[in-house]
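One structure is given here, and the rest of the page talks about it.
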Amino acid sequence: MTSKRNRTFSPATRIAQALRFIDEETGAVVPAIQPAATYARDENYETRKPYWYRRDGNQTTAHAEAIIAELESAAESLLFASGMSAATAVIDQLPAGAHVVVPRVMYHGVLAQFQKYDALKRLSVSYYAAGDLVELEEAMRQGETRLVWVETPNNPEWEVTDIAAAAKIAHNAGALLLTDCTGTPPCSTRALDFGADISFHSATKYLNGHSDITAGVLSVRETGALWDDICMVRKLHGTVLHSFDAWLLIRGMRTLFLRVEKATRNALAVARHFEHHPRLEKVLYPGLPSHPGHAVAQRQTGGQFGGMLSIIVKGSKQTAIDVTRYCELFYPATSLGGVESLIEHRMTVSGPGFPVHPRLLRLSIGIEDADDLIYDLEQALTRANGG
Ligand SMILES: *Cc1c(COP(=O)(O)O)cnc(C)c1O
């Protein structure tokens with residue numbers, strides 16, 4: 001029999017209460033923001049542990065990190081000023097000339113970073129088709145590959161990678177597996193549980209959920225030399241998340257489960273409505289049973305597929321751009337994972353040199369009324385086709 005005292009509360013419960021926060025001095029159930037850049041030494045001229053200078057971290061940021069560590073079942077989590085600075089911290093600590101294996105199609109900023117390091121001969125980069133475990137295995141170099149980067153679902157095609165299988169492939173060759181599951185945050189996909197060594201998220205997106213900060217986070221199952229190196233990179237690059245932004249993130253995360261549930265319901269409604277639409281060539285959404293990664297996505301997300309989907313419109317590249325211009329509800333803006341729905345012509349945003357279909361529109365489905373979103377896309381498609 002489990003007594004109430006011994007009950008382990010679920011992450012949804014713990015996160016809604018920001019880990020049962022109560023301010024010791026005042027009893028406030030909301031944390032204060034600690035903005036100090038520096039801390040006075042004590043009477044023995046010792047630094048007050050654990051904080052002494054903000055570039056090393058502070059209590060507001062640490063509180064947000066503790067919440068994410070709980071969501072991820074991580075030993076530790078570390079917050080950065082953006083997703084890109086968190087990604088770069090991992091890339092930066094790799095030894096010179098290290099071999100890494102990354103998806104050919106992935107978030108354009110991270111891909112650009114790998115391409116740059118490859119061109120500078122700082123790293124040796126091999127590519128695989130996102131979701132394709134055979135290609136991934138072929139790209140591995142036994143004892144030489146240091147890092148496998150998996151983005152699942154990947155941007156902007158939403159191919160699904162089996163994290164547990166990818167972890168096996170990486171570990172068999174002696175490499176670490178990093179996952180970028182920004183599209184399905186840890187209320188949906190707990191990557192460390194499936195065998196990832198490092199879980200990366202752009203917290204700008206679902207974790208915060210309100211499009212009002214940029215943030216990135218790394219979480220690990222085990223601390224050690226690699227983690228120490230990553231912590232050192234954040235400290236020396238000065239890329240710690242600001243305490244005010246950490247406070248907004250704490251507030252945003254309290255509703256993470258609710259927001260992702262609603263976004264998933266809305267995205268499913270939109271995907272089902274448009275799946276066989278005469279003006280569309282294709283709907284790319286892992287929540288659809290017809291999606292090749294559906295079964296794996298079902299297992300990895302528990303059915304919380306998230307709000308990210310892409311559509312490929314019929315007609316021309318200009319038809320696709322026109323759809324974004326005629327939308328009345330969807331904002332024609334980049335980013336994802338906020339409460340408001342966004343639409344973007346991905347080729348225009350990611351720029352030349354990035355492989356993306358010219359008629360692909362990326363949709364970040366928010367928490368509005370699903371019928372309103374469907375109406376908006378319908379009327380924009382009609383107008384873009386001269387109707
Ligand atoms: C946004 C994003 C990033 C980069 O994060 P920023 O917070 O914008 O720096 C990395 N990966 C994915 C999948 C993203 O969506």
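Numbers here simply count residues along the sequence, with the first being 1. Only heavy atoms go into these numbers, but all of them, side chains included; no hydrogens, no water, no symmetry mates.
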Problem - Any side-chain heavy-atom pair of L94 and V100 under 4.5 Å - result: yes

Problem - Side-chain heavy atoms of S335 within contact of K205, under 4.5 Å - result: yes

Practice task
Kindly compute the distance separating CG (L249) from OG1 (T61), expressed to the nearest 0.5 Å.
Solution key: 9.0 Å

Practice task
Only counting residues at least two apart or in another chain, list the ones meeting salt bridge (Lys or Arg N to Asp or Glu O under 4.0 Å) with R254.
Solution key: none

Problem - Pair listing, side-chain hydrogen bond (donor to acceptor under 3.5 Å, both in side chains) test, anchored in residues 267-277, at least two apart - result: H273-E378, E275-S290, H277-E378

Practice task
State which residues pass side chain to side chain donor-acceptor pair (under 3.5 Å) with T382; sequence neighbours excluded, sorted by chain then number.
Solution key: none

Practice task
Could you grab the distance from atom CG of L136 to atom CG of D132, nearest 0.5 Å is fine?
Solution key: 8.5 Å

Exercise for the section: Check whether any side-chain heavy atom of F257 lies under 4.5 Å from a side-chain heavy atom of P11, and answer yes or no. Expected result: yes

Exercise for the section: Establish, from distance only, whether the side-chain atoms of D322 and T319 form a donor-acceptor pair under 3.5 Å. Expected result: no

Exercise for the section: Return yes if a side-chain donor-acceptor contact under 3.5 Å exists between R251 and N208, otherwise no. Expected result: no

Fill in the blank from the handout: For residues 166-177, the side-chain hydrogen bond (donor to acceptor under 3.5 Å, both in side chains) pairs (sequence neighbours left out) are H171-D197

Practice task
Would you indicate whether the side-chain heavy atoms of F330 and L363 approach each other to under 4.5 Å?
Solution key: yes

Exercise for the section: Only one of V233, D229, L147 passes side chain to side chain contact (heavy atoms under 4.5 Å, CB included) with V90; say which it is. Expected result: L147

Completion exercise
In short, T182 meets S202 closest at the heavy-atom pair OG1-N, 2.9 Å

Exercise for the section: Go through the steps to decide whether V220 and S199 satisfy the test side-chain contact (heavy atoms from CB on, under 4.5 Å), and finish with yes or no. Expected result: CA-CA 6 Å; V220 283; S199 170; over 6 Å; no

Exercise for the section: Please say whether the positively charged group of R55, taken as NZ for Lys or CZ for Arg, lies over the ring of Y53, i.e. under 6.0 angstrom from the six-membered ring centre and within 45 degrees of the axis. Expected result: no

Practice task
Go through the side-chain N and O atoms of D92 and Y117 and say whether any donor and acceptor fall under 3.5 Å apart.
Solution key: yes

Handout entry: Distance in Å, E135 CD paired with Y127 OH, rounded so as to fall on 0.5 Å steps
Key = 13.5 Å

Practice task
Could you walk me through whether I67 and I250 pass the side-chain contact (heavy atoms from CB on, under 4.5 Å) test, one step at a time?
Solution key: CA-CA 8 Å; I67 292 172; I250 293 168; 4.0 Å; yes

Problem - Common cluster, I365/L280, ILVMFWY with side-chain heavy-atom separation under 4.5 Å - result: yes

Practice task
Kindly indicate whether the side chain of R146, heavy atoms from C-beta on, has any atom under 4.5 Å from the side chain of P95.
Solution key: yes

Practice task
May I ask whether Y326 and L377 are part of the same hydrophobic cluster, defined by side-chain heavy atoms of I, L, V, M, F, W, Y residues being less than 4.5 angstrom apart, directly or through others?
Solution key: no

Exercise for the section: Before giving the answer on salt bridge (charged side-chain N to carboxylate O under 4.0 Å, His left out), spell out for R362 and E344 the whole-Å C-alpha distance, their side-chain angles and the decisive distance to 0.1 Å. Expected result: CA-CA 5 Å; R362 190 182 84 174; E344 71 173 356; 3.1 Å; yes

Completion exercise
Heavy-atom nearest pair, A263 first then I367, reads N-CG2, 4.5 Å

Exercise for the section: Say whether Y51 and W247 are linked into one hydrophobic cluster, either directly or through other cluster members, by side-chain heavy-atom distances under 4.5 angstrom. Expected result: no

Exercise for the section: Taking all heavy atoms of G209 and all of R259, pick out the closest pair and write down the distance. Expected result: CA-NH1, 3.3 Å

Handout entry: Over all atoms of both residues, closest heavy-atom pair of G303 and T264
Key = O-CG2, 3.6 Å

Practice task
Could you tell me whether the side chains of W52 and T38 share a donor-acceptor contact shorter than 3.5 Å?
Solution key: no

Practice task
Indicate whether any N or O donor in one side chain lies under 3.5 Å from an N or O acceptor in the other, for Q300 and T189.
Solution key: no

Exercise for the section: Report the relative orientation of the aromatic rings in W149 and F114; use parallel for angles under 30°, tilted for 30 to 60°, perpendicular for over 60°. Expected result: perpendicular

Exercise for the section: Count the heavy atoms of every other residue, nucleotide or ligand shown that sit under 6.0 Å from CD of Q93, and state whether that count exceeds 12. Expected result: yes

Handout entry: More than 12 heavy atoms from other groups under 6.0 Å of NZ on K282
Key = no

Handout entry: salt bridge (charged side-chain N to carboxylate O under 4.0 Å, His left out) between R234 and D56, intermediate numbers included
Key = CA-CA 8 Å; R234 185 182 79 167; D56 234 5; over 6 Å; no

Handout entry: Residues L268, R265; criterion side-chain contact (heavy atoms from CB on, under 4.5 Å); working and verdict
Key = CA-CA 5 Å; L268 270 170; R265 270 207 306 282; 5.9 Å; no

Problem - In one Ile/Leu/Val/Met/Phe/Trp/Tyr side-chain cluster, 4.5 Å: V110, L177 - result: no

Practice task
Before giving the answer on side-chain contact (heavy atoms from CB on, under 4.5 Å), spell out for H242 and T60 the whole-Å C-alpha distance, their side-chain angles and the decisive distance to 0.1 Å.
Solution key: CA-CA 9 Å; H242 191 279; T60 314; over 6 Å; no

Problem - Donor-acceptor pair between S211 and E340 side chains, under 3.5 angstrom - result: yes

Exercise for the section: Determine whether the side chains of S341 and E368 contain a donor N or O and an acceptor N or O closer than 3.5 Å. Expected result: yes

Exercise for the section: Mark yes when over 12 heavy atoms from residues, nucleotides or ligands other than Y375 sit less than 6.0 Å from its OH; otherwise mark no. Expected result: no

Practice task
Say whether T88 and Q113, considering side chains only, have a donor N or O and an acceptor N or O under 3.5 Å apart.
Solution key: yes

Handout entry: Gap separating the CG atom of D180 from the CZ atom of F200, nearest 0.5 angstrom
Key = 5.0 Å

Exercise for the section: Check whether more than 12 heavy atoms from other residues, nucleotides or ligands sit under 6.0 Å from atom OH of Y331, and answer yes or no. Expected result: no

Which atom pairs, donor and acceptor, lie under 3.5 Å between side-chain atoms of residues 347-358 and protein residues at least two apart or in another chain?
residue, atom, partner, partner atom, Å
T348, OG1, H345, ND1, 2.5
S350, OG, R346, O, 2.8
H357, ND1, R359, N, 2.9

Exercise for the section: Would you check if V217 and L79 make a side-chain contact, meaning some heavy-atom pair closer than 4.5 Å? Expected result: yes

Problem - Pairwise distance CZ(R54) to OG(S243) - rounded to 0.5 angstrom - result: 4.5 Å

Exercise for the section: Decide if the gap between the ring center of Y206 and the ring center of H201 is smaller than 6.0 angstrom. Expected result: no

Handout entry: Aromatic contact, H291 with Y285 (centres under 6.0 Å)
Key = no

Handout entry: Hydrophobic cluster membership, I33 vs Y39, 4.5 Å side-chain cutoff
Key = no

Problem - Min side-chain heavy-atom separation L178-V148 under 4.5 Å - result: no

Problem - Set of residues satisfying side chain to side chain donor-acceptor pair (under 3.5 Å) with respect to S77, sequence neighbours excluded - result: S219

Completion exercise
When every non-hydrogen atom of A175 is compared with those of M140, the smallest separation belongs to CB-CE, 3.9 Å

Handout entry: Separation between CG of L71 and CG of L192, rounded to the nearest 0.5 Å
Key = 11.0 Å

Practice task
May I ask you to test the Q115-D118 pair for a side-chain heavy-atom distance under 4.5 Å?
Solution key: no

Fill in the blank from the handout: On a heavy-atom basis, the closest approach of L256 and C187 is CG-SG, 3.7 Å

Exercise for the section: Please determine, by modelled atom types, if S126 and H99 share a side-chain donor-acceptor pair under 3.5 angstrom. Expected result: yes

